[in-house]
Structures are given as structure tokens and as C-alpha cells.
Number of protein chains: 2
Amino acid sequence: MTARRRKAERPGEILEAAFEEFSKNGFAATRLDDIAARANVTKGTIYVYYSNKEVLFETMVRELMTPVIAEVEALMAMEATDAEAVLRAFMKFIYANVAADRQCLELMRLLLLESERFPHLSHEHFTQFVNPMQLKLQDCLNELADKGLIRKAPALSLTDLISGPAVALNVWRLLFPFAGAIDTDEHMEAALDLFLNGLLPRD
Amino acid sequence: MTARRRKAERPGEILEAAFEEFSKNGFAATRLDDIAARANVTKGTIYVYYSNKEVLFETMVRELMTPVIAEVEALMAMEATDAEAVLRAFMKFIYANVAADRQCLELMRLLLLESERFPHLSHEHFTQFVNPMQLKLQDCLNELADKGLIRKAPALSLTDLISGPAVALNVWRLLFPFAGAIDTDEHMEAALDLFLNGLLPRD
DNA sequence: TCTTATTGACTAACTAGTCAGTCATTAATG
DNA sequence: CATTAATGACTGACTAGTTAGTCAATAAGA
């Protein structure tokens with residue numbers, strides 16, 4: 001491995017190690033020496049690439065947020081012609097970006113955890129990801145309701161209900177990792193069916 | 001204020017202060033001196049009542065959990081004779097214990113936050129509160145389905161979907177306190193209607 | 001040889017936990 | 001009732017340990 005190659009890879013390796021350590025212990029309880037050890041460097045090296053602990057943390061969290069934000073664009077093309085299709089697309093998107101892998105999981109934990117120290121991180125996440133999606137979903141639901149394709153239910157004004165199952169699944173996994181694994185697709189299909197048809201019998 | 005009266009009130013005052021500081025900064029980033037200052041004592045006094053920082057934290061969290069656990073008993077008497085009544089009772093209970101006040105809110109944040117350092121706390125919360133409730137809800141849903149009062153939907157095997165809205169509301173408030181306030185009752189009624197009737201039009 | 005990534009020993013600051021001492025209150029004594 | 005002794009809640013200065021951040025020295029590649 002040449003020195004140049006190492007230099008190109010170091011920042012990523014350090015971010016990876018930082019993710020593991022920060023998501024295990026949170027910002028304050030994580031030692032830079034531990035991150036360094038996990039990345040197979042020493043603390044000094046970290047300071048070559050990141051000016052301090054806070055910058056390292058923020059960079060790491062932003063790294064987690066990037067792929068999420070990129071996908072929002074695609075969703076904006078959605079047309080409200082079929083209730084199930086719209087709902088399925090949104091829920092797929094939400095599950096994929098909230099409850100899909102450990103990185104999503106830990107992103108939420110970190111945002112919750114450090115919202116006091118890094119308030120602008122959750123604010124960014126809101127303006128770049130959550131809010132645009134909610135607004136688009138609101139539009140679609142309104143349009144579907146106007147066309148008579150869905151009921152004019154009180155839930156229509158609370159779009160967060162649609163993302164509820166994915167968020168709750170995430171929290172469940174974070175809080176109770178010892179409880180059995182839940183299949184993400186099954187969870188989503190169940191939620192979708194519940195939202196479309198409700199529990200009361202249909203004739 | 002006599003010395004004896006002070007002695008009776010100190011532990012509670014310290015717990016109160018500990019709640020404020022810990023929920024603001026988490027375990028590691030909270031200074032005992034700050035807790036002491038908030039409780040209008042000095043650090044030494046804290047050690048008169050609590051043997052160390054971890055014990056103080058655990059005592060404080062358990063204090064938050066007690067009222068929640070006490071209420072579970074009442075729910076166990078529920079009979080599955082009416083779908084809406086059952087669902088409303090459960091959701092009322094869940095919203096009341098998950099999203100009602102700041103203490104519920106912060107309890108969840110703290111459990112999420114410190115699940116690595118204090119795993120037995122979330123485990124306790126699970127066995128004493130979450131799991132009993134889920135089992136009871138499962139029973140009720142099964143019975144309602146057997147009686148034909150609700151559809152045999154896939155959601156029936158995923159009882160966490162029912163608590164989803166309350167959990168999601170909680171997360172929403174923790175993550176995005178800057179977003180406008182959401183009325184808890186309205187939220188619950190919307191969720192209830194969504195769960196019972198679904199979005200698709202009914203004839 | 002020269003450049004540059006990396007090291008690791010160092011410091012400066014911070015904080016959990018300790019403990020000898022203070023002082024207001026209460027109880028005992030004359 | 002007045003004085004003294006005992007109590008125990010509380011203090012705050014101190015120690016010991018930890019960790020973010022620095023920088024002169026080193027080693028490895030070009």
C-alpha cells in the first residue's frame with residue numbers, strides 16, 4: 001500500500017471507525033483514542049484529517065445523511081393516480097430510508113441523542129429530507145381524496161402517521177435488540193394493508 | 001425550613017435536577033456539579049444520598065418508569081367485545097404513557113441514548129410494561145378477529161403497529177421541537193380512525 | 001535525499017469522587 | 001429559662017484519573 005493510497009483512504013476509514021464508536025457510546029462518552037485504534041491509526045492522524053472531535057462527528061453524521069437526501073428527488077415525480085401505488089411508493093421510500101440498515105437506525109439514534117449539542121443536524125435532516133417528503137405526500141393525499149380514491153379522513157392532515165410504522169420499527173429495534181428480529185418487508189406490507197383497508201370488516 | 005424537613009426533600013430535589021440535566025445532555029456529558037447547582041446544593045450533598053453517578057442516573061430513570069408500570073394492571077381487565085372500544089382503550093393507554101408529557105418523552109430518549117451503558121433499564125421497561133401490553137393486545141385482537149368484529153389482517157400479528165403513532169409522535173417531538181406543536185388527542189383520533197376504517201373509501 | 005504521512009509522548013483542562021471541617025438545629029443539663 | 005453538648009446535613013477544597021488536542025521526531029515512499 002503506497003503512502004498516497006493510504007492518504008486517500010484514511011478519511012473514510014476514520015469515519016467508519018467513528019461511526020462504530022459514536023453510535024455505541026454517543027458523542028461525549030466516545031474517546032478519540034478508541035476511534036483511532038479501531039481505524040488502526042493513532043490519535044494524531046485523526047487531527048491530520050479532522051480539525052477536532054465535533055467536526056469529526058458532524059462529518060460522520062452528514063456522511064450518513066447524504067444517500068438519504070439524494071433519493072428525495074426521485075420521489076417528487078410521483079403522480080397521484082392510484083391510492084395503493086402512491087402509498088406503497090411512499091412507504092417503501094420511508095422504510096428504505098428510516099429502517100433499512102444499521103446506518104439508518106443509528107442515524108436516528110444519533111440525531112435524537114445529540115439534538116442538544118448539534119441542533120442544526122436534525123434541523124438539516126428535517127429541511128432536506130423529512131419536510132419535502134411530507135409536503136409531497138400531503139399533495140398526493142389531497143389529490144387522491146379530491147378524486148374520491150381515498151376517504152377524506154382526519155389522518156390526511158397528519159402525514160407523519162404514514163411514516164409512523166417505519167419510525168416505530170426503528171425505535172423498537174434500537175430499544176429492544178434482544179426481542180426477536182422483525183422482517184422489514186412483512187412489517188411494511190402489514191402496515192400498508194392496515195392503512196388501506198383498516199381493521200373493521202369490509203363487505 | 002428545619003434540617004429534618006430538608007433531609008426529607010433533598011433526594012427528590014436532586015432527582016428532579018438530575019432529570020433536567022441528564023435529559024439535556026445524556027449521562028456522560030452531564031456534570032454532577034451542574035446537577036448540584038440546579039438542586040441548590042453542592043456536589044458533596046449528592047453523595048450523601050446517592051453513592052455514585054450511575055446510581056443517581058438509574059434511580060432517576062426508575063422514578064420515571066414507576067407511574068407507567070403501575071397503570072399496566074388496569075389494562076389487563078379489558079374485554080374484547082367491541083373493536084373500537086378495545087382499540088381506543090389501548091391507544092389511549094399508549095399515548096398516555098408514551099407521548100403524554102415531557103417525562104414520557106425524555107424517558108424514551110434516555111432509554112435509547114443509554115441502552116449501551118444501562119441495558120437492563122430498557123430490558124426492565126420491556127418486561128414490565130411493553131411486553132405485557134403487547135401480549136394483552138394480541139389476545140384482544142385475536143378474539144375480535146375470531147368473533148368477526150375485525151378483519152383477519154396481517155397487521156394482527158404485529159401489535160407494535162398499534163403503538164406506532166404514539167411512538168412516532170414522540171420521536172417527532174424529540175427530533176423536531178422547532179416544528180409546530182401537534183395536538184396529542186387529535187393525533188390519536190386520526191390514528192384510531194385510520195386503523196379502524198383505512199383510507200380506501202367505504203360504501 | 002527529500003517529502004510527507006504518521007507517530008506517541010506531552011500538556012492543559014476537566015470532572016468523579018473524597019473527606020475533614022462548619023454550622024444550624026435539637027436535646028440535655030443546671 | 002439559660003447554657004452547653006451532641007447531632008447530622010451540608011460544604012468546598014482536594015486528589016486522582018481521564019482525555020482532547022499539540023508538536024517535534026520518525027519512518028517510509030518517490
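Everything numeric in this text was worked out from a predicted model, so none of it was measured. Labels below follow one simple rule: chain letters A, B, ... track the order of the sequence lines, proteins then strands, and each chain is numbered from 1.
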Any side-chain N or O of [X] below 4.0 angstrom from OP1/OP2 of [N]?
X        : N      : result
Arg10(A) : dT6(C) : yes
Thr42(A) : dT7(C) : yes
Tyr49(A) : dT6(C) : yes

How far does OG of Ser115(B) sit from CG of Leu113(A), to the nearest 0.5 angstrom?
->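 Between atom OG of Ser115(B) and atom CG of Leu113(A) there are 9.0 Å.
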Residue-level proximity of residues 51-58 of chain A to DNA chain D when a heavy atom falls under 4.0 Å | Asn52(A), Lys53(A)
Near DNA chain D, which residues from residues 20-33 of chain A have a heavy atom under 4.0 Å away?
-> Thr30(A), Arg31(A), Leu32(A)
N-O pairing of Lys24(B) and Glu106(B) below 4.0 Å |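 Salt bridge absent between Lys24(B) and Glu106(B).
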May I ask you to decide whether Arg117(A) forms a salt bridge with Glu58(A), counting only side-chain N to carboxylate O separations under 4.0 Å?
->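 Looking at Glu58(A) together with Arg117(A), the answer is no, because their closest N to O distance does not fall below 4.0 Å.
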Length of the line joining Tyr47(B):OH and dA9(D):C1', which is rounded to integer Å |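 Rounded to whole Å, this separation is 18 Å.
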Could you check how far CD1 of Ile46(B) sits from P of dA16(C), rounded to whole Å?
-> 9 Å
No-H, no-angle donor-acceptor pair, Lys43(B) side chain to dG17(C) base, under 3.5 Å | yes
Quick check: does any side chain N or O of [X] sit under 3.5 Å from a backbone N or O of [Y], one acting as donor and the other as acceptor?
X         : Y         : result
Lys136(A) : Met76(A)  : yes
Asp101(B) : Cys104(B) : yes
Gln138(B) : Leu156(B) : yes

Between Phe129(A) and Phe93(A), does the ring centroid distance fall short of 6.0 Å?
->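 Between Phe129(A) and Phe93(A), the centre distance is under 6.0 Å.
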Taking atom CD of Glu16(A) as the centre, report whether more than 12 heavy atoms of other residues, nucleotides or ligands fall under 6.0 Å from it.
-> no
